[in-house]
2 protein chains.
Amino acid sequence: MVKLSDKMNNIKKDNTEQKIMDAAHTVFLKKGMDGARMQEIANEAGINKALLHYYFRTKQKLFEAIFKQIFKDSFPIIRKTLLSDIPIREKMDLFIDSYINLLSKNPFLPAFLLKEIHRDPEFFANVIKGSGINPSEILAMLEKEMGKGNIRKMNPCDLITNIIALSVFPFAAKPLLSIMLFNGDQKAYKIFLQERRETVKEFIFNAIFLK
Amino acid sequence: MVKLSDKMNNIKKDNTEQKIMDAAHTVFLKKGMDGARMQEIANEAGINKALLHYYFRTKQKLFEAIFKQIFKDSFPIIRKTLLSDIPIREKMDLFIDSYINLLSKNPFLPAFLLKEIHRDPEFFANVIKGSGINPSEILAMLEKEMGKGNIRKMNPCDLITNIIALSVFPFAAKPLLSIMLFNGDQKAYKIFLQERRETVKEFIFNAIFLK
DNA sequence: CTTACTTTTAACCAGTTGGTTAAACTATAT
DNA sequence: ATATAGTTTAACCAACTGGTTAAAAGTAAG
């Protein structure tokens, strides 16, 4: 039996596989599962279309690989800040910052996620359940803070929903808002988004801290 | 020259055209432009596929018709309450109510709009510009209220964005939130959404009214 | 160099999709 | 009744799409 040269094979494989992953990431995020074309991904990766199928048998499998990777890359960062041992005000500050940072770097992410969780909710549910994400610990943390009287008492589900909504929505609805609020001026909208780093915090803090 | 029997022709035409519009509405909202199939719309309408093309030459034209209609039906209701002559607190109360009512009746609307404005932002921009929607009057109204000291001073663009975000996001992200917060329990999520009618208002009022 | 194996490619295929065509049907006006 | 116009249908088509195949090119080991 012939042994493989692990080094050579893996370098090559990793290169192509990574090229495909990168290309698929780009195309899927822009066009979504339905709108993306295998040929376009192949072009983006600078390879033959058949090679896609050689590495990821089907479009579905390629899509799942990208989807899961996005999920794995994005969520842990956020969870970490939320469960650290710092005062609630700083914690929220950091949380919102890291959330907005993530979205600034991945502007297509919100729309992509919203699109795909509607297209195939079951698959999405499985990804979450298999990823060990557990929001209940975050909800518990919020309830504890309310019990201590640090923040106004409310349904913690509402609070977490509101924070995410205020952070995510302006990115998800960018084309709509940039037209309606700034007549399509992209630069003005970018400034608006950056300023929201602070104004969103103010808004939330006013809503939840007792005075 | 032969005259038409307007009555007969229009009744027939209206019937079929309406059947097509209804069917297209259903299918497009669920699947989006990319995911929708002309055959599926024809089936849903109970007619031949060729008849779709007879009434709306292309898929694109049919889609545009539906899209514009959705837009025309949805926005004026909201604008009306916002520009009426009642105290700001009641006004916001009504605004949020009518917004959430609209979304409760059209749960697919937010995800659909977000999907499509990303797919073809230019077409979307044209629809808005051609629809006479003018957010500047709403922004002006908010600024006036701030000037009178009725609500906390802030960027009115932020305020309107926040209100819409808090109202829309839970509907847009339903599959995500219902899994993460309620382990996929749809009924619990519906109750959550209904309760938000009040909790969202509290949250916003706490954020913007001085105490 | 030969062998065994993996990676890459060009050509191809079957199913689907948006869209067309020509004929059949319906209803009115003369 | 029949001519005229709009309406509806079945059959068809060209383009595209995801996926396959078989052969070529590359690579490490004996």
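Each chain gets a letter, A, B and so on, in the order the sequences are listed, and its residues count up from 1.
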note: R37(B), atom CZ; dT17(D), atom P; distance rounded to Å ~ 11 Å
How close or far is atom P of dA15(D) from atom CE of M38(B), stated in whole angstroms?
19 Å
Any idea which of dG19(D), dT9(C), dT9(D) is nearest the K49(A) side chain?
dG19(D)
Using whole Å, report how far CD1 of I20(B) lies from C1' of dT7(D).
11 Å
Picking from dG19(C), dA10(D), dT8(C), which would you name as closest to the side chain of N48(B)?
dA10(D)
Per H53(B) side chain, nearest of listed nucleotides dT7(C), dG19(C), dG19(D):
dG19(C)
Rounded to whole Å, NZ of K59(A) lies from P of dC16(D) at a distance of 16 Å
Whole angstrom is fine here: how far is it from NZ in K61(A) over to C1' in dG18(D)?
14 Å
Using a cut-off of 4.0 Å on non-hydrogen atoms, how would the nucleic acid contact of A36(B) be classed: base, sugar-phosphate, or nothing?
sugar-phosphate
Choosing from dT9(C), dT9(D), dG6(D), which nucleotide comes nearest the side chain of I47(A)?
dT9(C)
Atom-to-atom span, NZ of K31(A) to P of dT17(D) - whole angstrom
10 Å
Cation over ring face, R119(A) and F63(A), 6.0 Å, 45°:
yes
For the residue pair R197(B) and F203(B), would you count it as a cation-pi contact if the rule is NZ or CZ under 6.0 angstrom from the ring centre and within 45 degrees of the ring axis?
no
Considering only side-chain heavy atoms of T16(A), which listed nucleotide, dG18(C), dT8(C), dT20(D), is closest?
dT8(C)
Between C1' on dA11(C) and OH on Y54(A), what's the gap in Å once rounded to a whole number?
19 Å
Salt-bridge contact R79(B)-E137(B) (side-chain N to carboxylate O under 4.0 Å)
yes
Of the candidate nucleotides dT20(C), dT8(D), dG18(C), which contains the atom at the shortest distance from the side chain of A50(B)?
dT20(C)
D34(A) has an atom CG; how far is it from atom P of dT16(C), in whole Å?
16 Å
OP1, OP2 of dG19(C) versus side-chain N and O of R57(B): anything below 4.0 Å?
no
Among dG19(D), dT7(D), dT6(C), which nucleotide sits nearest the side chain of Y55(B)?
dT7(D)
So, K91(B) side chain and S84(B) main chain: donor-acceptor pair closer than 3.5 Å or not?
yes
Ring centroid separation F67(B) to F28(B) under 6.0 Å:
no
